Amino acid sequence: MLAEIRKVVARIPKGKVATYGQVAEVAGFEGAARQVAWALHNNSRGIPWHRVLGAGGAIRLPGENGLEQRIRLKSEGVVFRGEKVDLTKSGWQPGAKQTTVKKSPASSKRASRT
DNA sequence: ACTGTGACGGGGC
DNA sequence: CGCCCCGCCACAG
């Protein structure tokens with residue numbers, strides 16, 4: 001599954017970010033946000049791990065790594081809102097075209113939550 | 001085989 | 001807004 005997770009993370013366009021839960025869902029491991037974090041933690045080499053954030057766009061990465069991530073994201077043009085990222089602007093939409101941004105193509109309804 | 005832990009997530013207080 | 005609890009899945013001891 002590392003391949004799946006890495007695959008999804010690799011699909012995140014520059015300047016945008018995705019949450020662990022989102023990556024997990026897209027990868028097919030809905031609800032397995034921890035596995036995504038685990039995957040990155042154990043195998044973050046070769047993938048834009050810095051584009052993966054926690055719920056709400058919060059960097060759940062402690063230490064210098066977190067600072068590194070934050071810097072890299074800002075460098076890519078990610079809109080930061082305080083200590084977090086503005087998912088409303090830099091939130092990655094899986095499947096959507098970051099260059100065409102027509103409208104909501106598929107947009108799976110997360111009726112399973114709230 | 002069991003228990004503990006984690007770059008998580010959401011709800012409750 | 002911060003802290004606690006429960007649920008989640010996979011890995012390590």
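Order of the sequence lines sets the chain letters (A, B, ...), proteins ahead of strands, with each chain counted from 1. It should be emphasised that the depicted structure is a prediction, and the values quoted were computed from it without experimental measurement.
Listed by chain and number, the residues in a side-chain contact (heavy atoms from CB on, under 4.5 Å) with A/Arg72 are A/Trp49, A/His50, A/Glu68 (sequence neighbours excluded). Considering only residues two or more places apart in sequence or on other chains, A/Arg34 meets the side-chain hydrogen bond (donor to acceptor under 3.5 Å, both in side chains) condition with none of them. Applying the side-chain hydrogen bond (donor to acceptor under 3.5 Å, both in side chains) rule to A/Lys89 yields no partners; only residues at least two apart in sequence or on another chain are considered. Residues passing the side-chain hydrogen bond (donor to acceptor under 3.5 Å, both in side chains) test with A/Glu64, sequence neighbours excluded: none. With sequence neighbours excluded, the residues forming a side-chain contact (heavy atoms from CB on, under 4.5 Å) with A/Asn65 are A/Leu61, listed by chain and number. For A/Lys84, the side-chain contact (heavy atoms from CB on, under 4.5 Å) test picks out A/Ala58, with sequence neighbours left out.
For the side chain to side chain contact (heavy atoms under 4.5 Å, CB included) with A/Arg6, the qualifying choice from A/Val23, A/Asn43, A/Val36, A/Leu40 is A/Asn43, the only one to do so.
The nearest whole Å value for the distance from the CE atom in A/Met1 to the P atom in B/dC8 is 17 Å. In this structure, CZ of A/Phe29 is placed 18 Å from C1' of B/dG9, rounded to the nearest angstrom.
Applying the salt bridge (Lys or Arg N to Asp or Glu O under 4.0 Å) test to residues at least two apart or on different chains, the pairs with a partner in residues 43-55 of chain A are A/Arg51-A/Glu76.
Using a 4.0 Å cut-off on heavy atoms, the residues of residues 34-71 of chain A that approach DNA chain C are A/Arg34, A/Gln35, A/Trp38, listed by number.
Put simply, chain A comes within 4.0 Å of DNA chain C, heavy atom to any atom, from C/dG7 to C/dC11, going 5' to 3'.
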